[in-house]
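Letters A, B, ... mirror the listed sequences (proteins, then strands); counts begin at 1.
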Amino acid sequence: MWDTDIPEILHTYILFMPKPYNPSLVEPKWQKRWEEAKLYEVDLSKAKKPFYNMVMFPYPSGDKLHVGHWYNFAPADSYGRFMRMKGHQVFEPMGFDAFGLPAENYAIKTGVPPAQSIAKNVETMIEQLKRIGCMYDWSRMVNTSQPEYYRWTQWLFLKMYEHGLAYKKLASVNFCPSCQTVLANEQAQDGRCERCGTEVVQKQLNQWFWNTRKYAQRLLDGLEGLDWPEKTKIMQRNWIGKKEGIDITYSIKNTNDSIVCFTTRPDTNFGATFIVIAPEHPFAQKIAEGAVASPHHREVKSYLEMARKKTELERQAEGMKKTGANTGYVAVNNLNGQEMPIWVSDFVLAGFGTGAVVGVPGHDLRDFQFAKAFTLPIRRVVVGPDGDTSNIEREEQVQEEAGIMIHSEFLDGLSILDAKEKIKDYLEKKGWGKRVVSYRLRDWLVSRQRYWGAPIPIVYDPEGKPHPIPEKHLPWLLPTDVEFKPTGESPLKHSKEFIKRTEKLFGKGWTPEFDTMDTFVCSSFYYLRYLRDLSPGTFDSSHRSQVTGLIDPHIEKTWMPVSMYIGGPEHACMHLIYARFVMMALHDLGYVKHQEPFQKLVHQGLITNQGAKMSKSKGNVVSPDSFVERDGSDVFRMYLMFMGPFTDGGDWSDTGIKGISRFVQRMAKFMGEKVNTNTKSEQNKALLQGLNRSIKSVTESLETLHFNTAISALMQMLNLLEEQGSVDSDSAKTVVKLLAPLAPHLAEELWEQLGGEGFVVDQHWPAYDPALIASDTVTYAVQVNGKLRGTVDMPADAVKEEVVEAARKQENVAKYLVGEVKKEIFVAGKLVGFVV
RNA sequence: GCCGGGGUGGCGGAAUUGGUAGACGCGCACGACUCAAAAUCGUGUACCCACAAGGUGUGAGGGUUCGAUUCCCUCCCUCGGCACCA
């Protein structure tokens, strides 16, 4: 930035050179005053126009706040300030999603207990957050790793269990053989361990699940009434993956067994030539175990073994290549007596539908590939709408939209859509099939074989039967006498205190559940705990007193759902589904009135650096600190907002921050030197018009979260003010109000200088007068044959004839008006067009 | 492969019930101030063209229209999500 031969002392001087407006003095001053006045603490019980303004709470990492935090939090706060000035009681909470892997990994590396490192991180993070200057009500902070919080995480588990929404079953987990630890799905991306890169294997363990599938339809239906990005709704719809189809039962020849196949395309069933079952399918297991004799026993057995051992990585490497084994059995298609060999293949997923599919290679790409791999017959039963009878060897024969049935007896000639309904009716009438709805959404696996999480409030009697821990024993404290070095087992197993505690309370031979809960459980209800009852005596230091409920029903009724929720789109199919599910369950259990937690949702864009996502491992994380130190919080936050549309994000570059810094200095200078004692009536027309236009423009921009255009409108206003040379005090105050949501510190300072009463953030948002926006004269564009040939200034009230007349007289226009004018176009206030 | 977003000056971006494309800012150029620089202020800045006039121009090609960044069709590129979901 500077020539290298400038001495160091001069650098420092330039950096701290006195400026008309010095944020390093002004910003702390106002932050202190806001805090002293408890300006942002909201009495929840007294709100008439509540506005619950929330951002996704951060993880308290040991690193400093990064640009991404600022880009999320600062604009969200600007919106909250705007809503406050519009007359709402804005509640803006902040908290910490404090359980989770990074702290545990840090503990494994250094031996520092997570509780310790997290407490320290939270403390420093609060200090950093305060420097942004947001309207956070710190009196209502939450920290999910504290007993008074996770008490409710455990309470939630108990309620789920009590109402049959939590159950335990055998399931496979990701396991890293090198680290000797279970991995969360996020840690096992692309089939490799996040920490050491070893290939992840699957391990069978007894796991707790929450029954999200039960809510699949309601999760789908509820989306309709939400003010959410359409993109996010689509992602959730796809994730839930509702499919209407039919379960068809096929009897297996020479056995008493049958196989049920789920299909959405029963119309093509006359083209079925084989059946494929998943390796985990009971019939496949039977063969492997020898419970059912098969000439292919050995092949099936070794195939199942191979499929089980296959790592996710190998699976992906395989791509669409089909493998499988013939069971030697055949199923019979009731429709036409066709015998269909039953195969086992891992392209069929055990977790979807019935874990068995009917192979129609003529009209399904995967079935086609399978048939090709094992030379099974391919039969066409649909032709394209244009009567296309394509080559049987061609792959692309998947007609999903339209097509005509052939070789299908009573379906022949029907469109696939009509045939689909007719065959379903037929199969149901015959008792061979049953219409079903299938969902892609799985039940939520909430067990984690990790230390740093909320312990699952379950104990086992000596027979191993689970029992819920009575509520009076909550919080069920996370033990501290644990070893952090991975041993391949849940760390809680090594706590003597934990086991002793359990036996003391429940009896000899009783054992606690050693798993903890997924951190997404903690974050699935935190919006309710922000609203918790803070009155004294509700929670004593022993954590054992009778605690008021999860949430006061009256507060929940007035404050929920969250009015505006801002956070990254990466949670579309995780946190944002879990939270909706939990809210619905709590509603059904009678604890809350609303069913949806977040009425309006907005995703901020992603800030990248040199095109890549900022990450510690890539070493491209940009720290806001030096910018904030030099230019102040207001400048930095406005710069982020000015970069482009809030929902777009963008690639980081500091080249333009100077422009915002100049704007702030100029604004402060102008307001400090050029405000006169005139009254409003003495203002000139141009100023009045500019002011009203600015109000309109800034208001509309903020309403739609277009912070970039709000700032540009303010810049235009300042340009106008400087052109005018001076301004009356009332108008100056209006400009400062417009500035307040975007540059809160600067606005308070200027408001004080101008002699404003109270805090600027408590002022009413200015209104504009539409009559003052219109100008006396309008510039008309004049086009000939659609091409611009000139402009003409006319009085605003000029009628068509006058404007056209004036336009014709324009020298440059007249030049082009040769020959007959066929048509005259007049758009009031905008344009005149001639067609010759 | 499927679903969704997006392609506008040197750069970030503005403007869409179709009506003067490029607001605002950065950068750049020139000028003022200064011994000089920084900072600040002023002027200019889509491209072609010596100016004017004119022409070209919102990813590419086509269409509708007096007029298209905006509407329709075909294609290309790019970003995000899901991915053997029957």
Side-chain angles (χ1 to χ4, degrees), chain A residues 1-3 6 10 13-14 17 19-20 229-235 237-239 241 243 245 261-265 268 276 315-316 318-322 345-349 351-360 364-367 369-370 398 438-442 569-570 572-573 603 605-606 608 611 639 642-645 647-651 653-660 662-663 665-666 669 697 706 708-716 718-719 722 779-791 812 815 821-827 829-836:
Chain A
M1 203 180 287
W2 299 285
D3 289 335
I6 296 175
L10 207 53
Y13 175 72
I14 290 167
M17 198 160 45
K19 287 175 183 169
E230 201 48 43
K231 181 184 169 178
T232 310
K233 288 188 183 184
I234 290 168
M235 276 169 71
R237 281 192 201 108
N238 292 343
W239 188 261
K243 290 274 167 62
C261 297
F262 173 74
T263 177
T264 56
R265 294 300 305 277
T268 61
V276 191
R315 231 183 150 89
Q316 277 166 17
E318 244 169 33
M320 297 282 276
K321 211 180 113 219
K322 298 289 179 288
S345 174
D346 62 4
F347 87 84
V348 176
L349 307 171
F352 185 77
T354 58
V357 299
V358 51
V360 184
D364 181 282
L365 182 60
R366 294 149 305 178
D367 294 353
Q369 289 165 340
F370 193 77
V398 188
S438 192
Y439 297 93
R440 187 185 171 280
L441 184 74
R442 310 292 171 84
E570 66 275 15
C573 297
H603 300 303
L606 180 70
T608 55
Y639 176 60
F642 192 61
M643 274 176 67
T647 50
D648 281 13
D651 202 47
S653 150
D654 62 7
T655 51
I657 197 164
K658 211 180 209 175
I660 300 291
R662 278 178 191 151
F663 167 69
Q665 294 300 329
R666 277 168 54 206
K669 190 160 185 268
S697 175
H706 290 132
N708 54 334
T709 50
I711 293 168
S712 105
L714 282 165
M715 286 172 165
Q716 287 179 66
L718 179 58
N719 289 346
E722 288 181 336
T779 303
Y780 277 85
V782 185
Q783 294 184 344
V784 179
N785 289 338
K787 281 202 185 296
L788 183 72
R789 296 302 177 189
T791 60
N812 200 41
K815 197 162 84 183
V821 174
K822 285 188 206 146
K823 202 170 160 191
E824 285 171 5
I825 296 138
F826 177 74
V827 182
K830 284 198 168 152
L831 154 148
V832 179
F834 298 101
V835 184
V836 298

So, using side chain to side chain donor-acceptor pair (under 3.5 Å) as the criterion, who are the partners of [X] when residues are at least two apart?
X: A/Thr709; answer: A/Ser701
X: A/Thr354; answer: none
X: A/Thr608; answer: A/Asp651
X: A/Lys322; answer: A/Gln369

In whole Å, measure the gap between the [atom1] atoms of [N] and [M] for me.
N: B/A23; M: B/A46; atom1: C1'; answer: 14 Å
N: B/G13; M: B/U17; atom1: P; answer: 22 Å
N: B/A14; M: B/C2; atom1: C1'; answer: 34 Å
N: B/G57; M: B/U74; atom1: P; answer: 24 Å
N: B/G5; M: B/G10; atom1: P; answer: 28 Å
N: B/A36; M: B/U45; atom1: C1'; answer: 28 Å
N: B/G19; M: B/C71; atom1: P; answer: 11 Å
N: B/C47; M: B/G81; atom1: P; answer: 37 Å

| remark: Looking only at heavy atoms, the pair that brings A/Phe642 and A/Ile711 closest together is CD1-CG2, 3.6 Å
| field | Contact summary for A/Gly656 and A/Tyr639, nearest pair of heavy atoms | value | C-CE1, 3.4 Å
| request: For A/Tyr780, check ring pair (Phe, Tyr, Trp, His ring centres under 6.0 Å) against everything at least two apart and list the hits. | output: A/Phe826
| field | ring pair (Phe, Tyr, Trp, His ring centres under 6.0 Å) involving A/Phe834 - partner list, sequence neighbours excluded | value | none
| said: Just to be sure I understand the rule, does A/Ile234 reach a base, reach only the sugar-phosphate, or reach nothing, if contact means heavy atoms closer than 4.0 Å? | reply: sugar-phosphate
| query | With sugar-phosphate meaning primed atoms plus P, OP1 and OP2, does A/Val348 contact a base, only sugar-phosphate, or nothing at under 4.0 Å between heavy atoms? | reply | base
| A/Glu722: what forms a salt bridge (charged side-chain N to carboxylate O under 4.0 Å, His left out) with it, not counting sequence neighbours? | A/Arg666
Separation of atom [atom1] in [X] from atom [atom2] in [N], rounded to whole Å:
X: A/Lys823; N: B/G67; atom1: NZ; atom2: P; answer: 9 Å
X: A/Glu570; N: B/C82; atom1: CD; atom2: P; answer: 11 Å
X: A/Lys658; N: B/A39; atom1: NZ; atom2: C1'; answer: 9 Å
X: A/Leu365; N: B/C2; atom1: CG; atom2: P; answer: 11 Å
X: A/Asn719; N: B/C41; atom1: CG; atom2: C1'; answer: 13 Å
X: A/Glu824; N: B/C66; atom1: CD; atom2: C1'; answer: 12 Å
X: A/Arg237; N: B/C2; atom1: CZ; atom2: P; answer: 21 Å
X: A/Lys787; N: B/G54; atom1: NZ; atom2: P; answer: 11 Å

Identify which nucleotide among [options] has an atom closest to any side-chain atom of [X], counting heavy atoms from C-beta outward.
X: A/Trp239; options: B/C24, B/C82, B/G81; value: B/C82
X: A/Val357; options: B/C24, B/U56, B/A86; value: B/A86
X: A/Asp346; options: B/C84, B/A86, B/C24; value: B/C84
X: A/Asn238; options: B/C3, B/A23, B/G81; value: B/C3

| said: Base contacts versus sugar-phosphate-only contacts with protein, heavy atoms under 4.0 Å: please encode nucleotides 5-20 of chain B as B, S and - from 5' to 3'. | reply: -------BSS----BB
| message | Suppose we screen for side-chain contact (heavy atoms from CB on, under 4.5 Å). Which residues come up paired with A/Val360, at least two apart in sequence or across chains? | response | A/Thr268, A/Ala272, A/His363, A/Asp367
| request: List for me each residue that meets side-chain contact (heavy atoms from CB on, under 4.5 Å) alongside A/Leu831, sequence neighbours excluded, and say none if there are none. | output: A/Ala781, A/Gln783, A/Ile825, A/Val827
| field | Residue closer to the 5' end of RNA chain B, A/Gly351 versus A/Lys669 (nearest nucleotide) | value | A/Lys669
| field | Pairwise 5' ranking along RNA chain B for A/Gln716 and A/Glu722, keeping only the more 5' one | value | A/Gln716
What pairs of nitrogen or oxygen atoms, one from the protein and one from nucleotides 45-53 of chain B, lie under 3.5 Å apart?
none

| task | Quick one: stems involving RNA chain B, counted as three or more successive Watson-Crick or G-U pairs, both distances short of 3.5 Å. | result | B:1-7 with B:76-82, B:10-12 with B:24-26, B:27-32 with B:40-45, B:46-48 with B:54-56, B:59-63 with B:71-75
| task | Would you please say whether a donor-acceptor pair under 3.5 Å links the side chains of A/Thr232 and A/His603? | result | yes
| said: Between A/Asn785 and A/Val836 (side chain of the first, backbone of the second, donor and acceptor by atom type, cut-off under 3.5 Å), is there such a pair? | reply: yes
| Is any side-chain N or O of A/Lys322 under 3.5 Å from a base N or O of B/C84, one able to act as donor and the other as acceptor? | yes
